[in-house]
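Here the structure is laid out as structure tokens; the discussion comes afterwards.
Numbering of ligands and ligand atoms starts at 1, following listing order. Note that the structure is a prediction, hence the values are computed from the model and not measured.
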Amino acid sequence: MIGREMNLAVVGLGYWGPNLVRAAVELEDTHVHTLCDTDADRLAQQGRRYSSARLTNDYDEVLADDEIDAILLATPIVTHHNLALRALAAGKHVFVEKPLANSTAECAELIEAADDRGLILMPGHTFLYSPPVVKIKEMLDSDELGELFFLTSTRVNLGIHQSDSSVIRDLAPHDFSILHYWLGQPAFVRAIARDSIVPGTMDVAFIDLGYDSGTLVRIELSWLAPTKLRRTVLAGRRKMVVYDDTSNEPVRVFDRGVDVIEPQSYGEHRLAYRVGDVLSPRLDVDEPLRVELADFVDSIREGRQPRSSARVGLDVVRMVEAAETSLHYNGAPVALDASLDERRRSPDRRRSHSGMPLLRGASADAAEAASMLPSIPVQ
Ligand SMILES: NC(=O)c1ccc[n+]([C@@H]2O[C@H](COP(=O)([O-])OP(=O)(O)OC[C@H]3O[C@@H](n4cnc5c(N)ncnc54)[C@H](O)[C@@H]3O)[C@@H](O)[C@H]2O)c1
């Protein structure tokens, strides 16, 4: 644990990195010690803004500097595993932008390296620190919505097309991390997608998830939409919620639903439609990125795991891989194994839980198809 001011290095100063630097300089008892990018122009530009930081284009210099306690990585996804592993080997705590790494195998290797050295490894799932997401988590935990029947989510915009990625790799980690925070690991994932503009680059995807509780989820992701939409609807037995991240009232809670009234005679189903109040709960005004980095720094100081833990990062990448496997099998549902921690607690779970868990309403054909597919291996 570190009693003095903590020294941070931010590596990668492209599109997202400068946001990390801006949030990191606001943190208490920390110092942005070094900025690093292989691109001289980007490095110089940030250097002009933060004159107290040392500048380097050589990552090895960051690793060799004993004054640096922790490294924040905002480099391309393909570099995450290599740069994070080297940082952990050099004894540095690591914050790495989402997703944690390119594959579950890479994530598991990073987790092992961090655990072995007692270092904090944290993926940057910023939405876990967003006030609307936290508010909805509280409502779910307190059962305010009642049984959650289903959830739909739309995350679409025009661009940015990334030839080395897909809309699933780019955008799904946001929805998957939020869903993981709210509902835990799903039982199965299925996905369809297409490459509308650049051959081979998926730019629109529709992903379904099913949970052991019976909750169903549908996610629409696209880089090809006329307007930006960030909208999630949760339909519970007691209440419904609309979370619109582009609205100045991002969370609205509807006291609306359908109640089944005690039947008067056999076979009769009488329904009563509830149309009650709409509430817009008060939300914290903290900037998610600042709260996220504060959790990173505090978890180092307090020797505890951050909310956006490396295990969460691994589960998110597992969901991405399951969606991609489903794409490969033309949208067939892919069962997800238990998370790393669940497997450790209950090593027999895989056998007792083999194949596709049957959800209420899921077709037997889909279940059979999924049970024949490879499930995502747990590292
Ligand atoms: N949390 C969010 O909402 C959010 C939003 C956008 C991007 N991201 C994540 O941020 C990361 C970076 O994305 P981006 O869009 O900023 O990418 P980018 O390509 O714009 O920037 C990456 C930077 O890293 C530098 N770099 C690459 N390898 C390096 C190395 N070995 N040493 C030093 N510098 C190196 C590049 O020169 C470049 O300036 C990705 O993981 C992405 O998923 C997160």
Side-chain angles (χ1 to χ4, degrees), residues 8-24 33-47 49 53-65 68 71-87 89-90 92 94-103 106-107 110 121-130 132-133 155 157 159-178 180-181 221 223 228 230 245-246 287-293 295-296 306-308 310 312-313 316-317 320:
L8 307 177
V10 183
V11 181
L13 304 167
Y15 165 68
W16 193 249
N19 292 327
L20 289 187
V21 185
R22 182 180 48 74
H33 180 282
T34 296
L35 298 176
C36 172
D37 201 302
T38 45
D39 182 302
D41 291 341
R42 288 174 176 169
L43 187 62
Q45 193 186 3
Q46 292 303 310
R49 265 189 209 152
R54 287 188 201 162
L55 306 181
T56 177
N57 60 7
D58 183 358
Y59 187 58
D60 283 322
E61 261 182 36
V62 179
L63 299 181
D65 192 332
I68 295 172
I71 295 179
L72 315 183
L73 290 172
T75 55
I77 300 168
V78 287
T79 67
H80 288 183
H81 173 257
N82 175 277
L83 298 185
L85 200 61
R86 285 162 62 200
K92 316 286 190 202
V94 181
F95 171 96
V96 51
E97 257 312 325
K98 62 86 195 162
L100 178 55
N102 235 350
S103 67
E106 286 185 1
C107 292
L110 291 179
L121 168 69
M122 172 173 174
H125 290 301
T126 327
F127 277 101
L128 303 198
Y129 300 88
S130 138
V133 171
R155 188 176 298 278
N157 201 3
I160 307 165
H161 264 78
Q162 298 170 19
S163 54
D164 60 341
S165 187
S166 73
V167 77
I168 294 181
R169 291 252 153 192
D170 181 36
L171 298 183
H174 290 314
D175 289 289
F176 287 169
S177 62
I178 294 170
H180 188 281
Y181 184 44
L221 304 171
W223 291 330
K228 177 173 176 166
R230 299 274 186 268
D245 219 22
T246 61
E287 193 202 354
L289 203 50
R290 199 203 63 77
V291 184
E292 176 183 52
L293 293 185
D295 192 26
F296 175 58
R307 178 182 303 162
S308 177
V312 172
V316 167
V317 174
V320 169

Problem - Proximity of V96 to ligand 1 by residue part, where a heavy atom lies under 4.0 Å - result: neither

Handout entry: Residue part near ligand 1, for D37, under 4.0 Å between non-hydrogen atoms
Key = both

Problem - Considering all heavy atoms, the nearest P18-L13 contact - result: CD-C, 3.8 Å

Exercise for the section: Look at atom 27 (C) of ligand 1 and say which protein heavy atom is nearest, naming residue and atom and giving the distance to 0.1 Å. Expected result: P76 CD, 3.6 Å

Exercise for the section: For N57, check side-chain contact (heavy atoms from CB on, under 4.5 Å) against everything at least two apart and list the hits. Expected result: L43

Handout entry: Shortest protein contact, atom 40 (C) of ligand 1 (heavy atom only)
Key = T75 O, 3.5 Å

Practice task
Might you check, step by step, whether the distance between atom 20 (O) of ligand 1 and some protein heavy atom is under 4.0 Å?
Solution key: yes

Problem - Pi-cation contact, F127 with R155 (under 6.0 Å, within 45°) - result: yes

Exercise for the section: Compute the minimum heavy-atom distance from H125 to ligand 1 and say whether it is under 4.0 Å. Expected result: no

Practice task
Could you list which atoms of ligand 1 come closer than 4.0 Å to a heavy atom of H80?
Solution key: 41 (O)

Exercise for the section: Identify, by atom number and element, the atoms of ligand 1 in contact range of G14, meaning under 4.0 Å from any of its heavy atoms. Expected result: 20 (O), 21 (O), 23 (C), 39 (O)

Completion exercise
Taking every heavy atom of A101 against every heavy atom of E106, the minimum-distance pair comes out as CB-OE1, 3.5 Å

Practice task
Looking only at protein heavy atoms, identify the closest one to atom 12 (C) of ligand 1 and say how far it is in Å.
Solution key: A74 O, 3.3 Å

Practice task
Please confirm whether Y59 comes within less than 3.5 Å of ligand 1 when only nitrogen or oxygen atoms on both sides are compared.
Solution key: no

Handout entry: Closest approach of V316 to S177 (non-hydrogen atoms, all atoms of both residues)
Key = CG2-CA, 3.8 Å

Practice task
Taking H125 for its side chain and I178 for its backbone only, find out whether a donor-acceptor pair lies under 3.5 Å.
Solution key: no

Fill in the blank from the handout: If we number the atoms of ligand 1 from 1 as shown, the ones under 4.0 Å from a heavy atom of T126 are 1 (N)

Problem - Nearest neighbour in protein (non-hydrogen) for atom 42 (C) of ligand 1 - result: K98 O, 3.7 Å

Handout entry: Nearest non-hydrogen protein atom, atom 8 (N) of ligand 1
Key = W16 CG, 3.8 Å

Exercise for the section: Would you indicate whether the side-chain heavy atoms of L63 and I71 approach each other to under 4.5 Å? Expected result: yes

Exercise for the section: List the closest protein heavy-atom neighbour of atom 30 (C) of ligand 1: residue, atom name, distance to the nearest 0.1 Å. Expected result: T38 CG2, 3.9 Å

Exercise for the section: Using a 4.5 Å cut-off on heavy atoms from C-beta on, say whether the side chain of R54 contacts that of D65. Expected result: yes

Exercise for the section: Note the single closest protein heavy atom to atom 18 (P) of ligand 1, along with its residue, its atom name and the distance in Å. Expected result: Y15 N, 4.0 Å

Handout entry: Nearest protein heavy atom with distance in Å, relative to atom 24 (O) of ligand 1
Key = G12 CA, 3.5 Å

